[in-house]
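As a basis for the values below, the full set of heavy atoms in this structure was taken, side chains included, without hydrogen atoms, waters or symmetry mates. Residue numbers start from 1 in every chain, and the chains themselves are labelled A, B, ... in the order their sequence lines are given, proteins ahead of strands.
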2 protein chains.
Amino acid sequence: MAWSGNKEDGEGKSRRGYHHGNLREALIAAALDLIGAKGPAGFTFAEAARSAGVSAAAPYRHFRDRDELLADVARQGFERFEQFLSNVWNEGRPDARTAVNHLGKAYLAFARTEPAYYSAMFEANLSLDDHPELRKAGDRAFDIVRKAAEELSATLPSRPPSLMLALHIWSFSHGIASLFARGDSGRRNLPMSPEDLLEAAMLVYLEGLGGPKT
Amino acid sequence: MAWSGNKEDGEGKSRRGYHHGNLREALIAAALDLIGAKGPAGFTFAEAARSAGVSAAAPYRHFRDRDELLADVARQGFERFEQFLSNVWNEGRPDARTAVNHLGKAYLAFARTEPAYYSAMFEANLSLDDHPELRKAGDRAFDIVRKAAEELSATLPSRPPSLMLALHIWSFSHGIASLFARGDSGRRNLPMSPEDLLEAAMLVYLEGLGGPKT
DNA sequence: ATGCCATGTGAAGGGCCTTTACATCATAGC
DNA sequence: GCTATGATGTAAAGGCCCTTCACATGGCAT
């Protein structure tokens, strides 16, 4: 009786009697912390196991290998991202154009506020072929933008192809987020915030599509 | 006399008597091959050393650590990129608008034809603070776009801020290249080529800036 | 109460990164 | 021409990681 059972010292790493009881989720949480601290490359399976208080071999009962854990973090990230985008889109209120602008901003906000998820999703170089669930989750998040683009297109005289519209919005947001809205590493001295840069681009782009004369 | 001196069996890995004679460049070349084959994460210092036919410790005579070799590959990549962009820009001929379109296409072309360099440059998560030469090389490449944006701006009635223009062009090209113009991993089924997607975006964007009525 | 199966352990093989002491050799200066 | 010296390469070792395998534990259904 040296140990006393279920504690909760700080992070979720104790409560053990041999079986962890919640290892899978504990590993995902640990991975998220580590990725946030040292990037997707710095994260190691062994350290995640240590964080969870189990041996280095234990994670293999829940994930095929290190990449599968990473992919699961990324998948979860896309699911949160999807939900976030969905909330921000808010059924196209107050109007499609404004809501689409919110969507772009949300992309940047996610990259900034959830750098660990963002890293796993876009910087871990995971093969989508090896992780079909990841691809599906990504597609579902994109579908939010796709749907928004459809509604926006319907409000524009030129009726641009909505898929093209969606790809443009996604690409632009992704480009700005990747280059300017990540950790200090990639930061170049901008004369404006990434948000302003994106907003200006959207303004010009939608003007080019012949938006309603403001 | 078991060995016979300077051979050239296939790749540049032989000519040895103890000192390699050209190890630094051989390592960069080997790294490029490996990155191309297995991505920046798959590349290892040890394997580069093996490719060059030296022991695992030898590379440390030429690079502080693994990251410095990676950074040197990336720096070389930015230098090639700069030159490529410069050639494509071609002093703004036949006209600024067309030449800027070429610039965007060149971004995609580089991502596709030099995936190893592109990986090292944009997907290796190198700290720009730890590798100042890398940052400078990247800035020089961006300067080509910056200069192009200045000349393009001068041809537009609205005279948009050229730095903003340059950032928009770079971001958009980067976003499309990262998402759609890389190896099979990131490929989603597009209804159009990345090039067409980019061209359409540029068309709309420049229209939005009030370009000369085509 | 018992036995099955999911879950966790320890050890081991193989690999990588990096450092250190030592080996080799090109060449500068005598 | 000959040697000292610094640049370049080697072997070995420590530390960490990934992954597998045989074995231990104990939750849960019967």
Answer with yes or no after comparing the ring centroid distance for B/F172 and A/H168 against a 6.0 Å cut-off, counting only values under it.
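Judged by ring-centre distance (under 6.0 Å), B/F172 and A/H168 do meet the cut-off.
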Pair A/F110 + A/F81: ring centers closer than 6.0 Å:
yes
I need the full list of side-chain hydrogen bond (donor to acceptor under 3.5 Å, both in side chains) pairs touching residues 137-153 of chain A, with sequence neighbours left out, sorted by first then second residue.
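Pairs touching residues 137-153 of chain A that pass the test: A/D139-B/R188.
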State which residues pass ring-ring contact (aromatic ring centres under 6.0 Å, His included) with [X]; sequence neighbours excluded, sorted by chain then number.
X      : result
B/F43  : none
A/F63  : none
B/F122 : B/F78, B/Y118, B/H174

Rounded to the nearest Å, what distance is computed from the [atom1] atom of residue [X] to the [atom2] atom of nucleotide [N]?
X     : N      : atom1 : atom2 : answer
B/L70 : C/dC16 : CG    : P     : 16 Å
A/L23 : C/dT9  : CG    : C1'   : 13 Å
B/R24 : D/dA7  : CZ    : C1'   : 14 Å

Using a strict cut-off of less than 4.0 Å between a Lys/Arg side-chain nitrogen and an Asp/Glu carboxylate oxygen, indicate whether B/E68 and B/R75 qualify as a salt bridge.
no
A correct 5'-to-3' footprint of nucleotides 13-21 of chain D, with B, S and - meaning base, sugar-phosphate only and no protein heavy atom under 4.0 Å, is ----SSBB-
Using a cutoff of under 3.5 Å, can you pull out all pairs of nitrogen or oxygen atoms linking the protein to nucleotides 25-27 of chain C, with atom names and distances?
residue, atom, partner, partner atom, Å
C/dC25, OP1, B/G17, O, 2.8
C/dC25, O4', B/H19, ND1, 3.4

To the nearest 0.5 angstrom, please state how far the OG1 atom of B/T98 sits from the CG atom of B/L103.
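Answer for the OG1-CG pair, B/T98 versus B/L103, is 12.0 Å.
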Kindly say if B/H62 contacts the phosphate of D/dA7, meaning a side-chain N or O under 4.0 Å from OP1 or OP2.
no
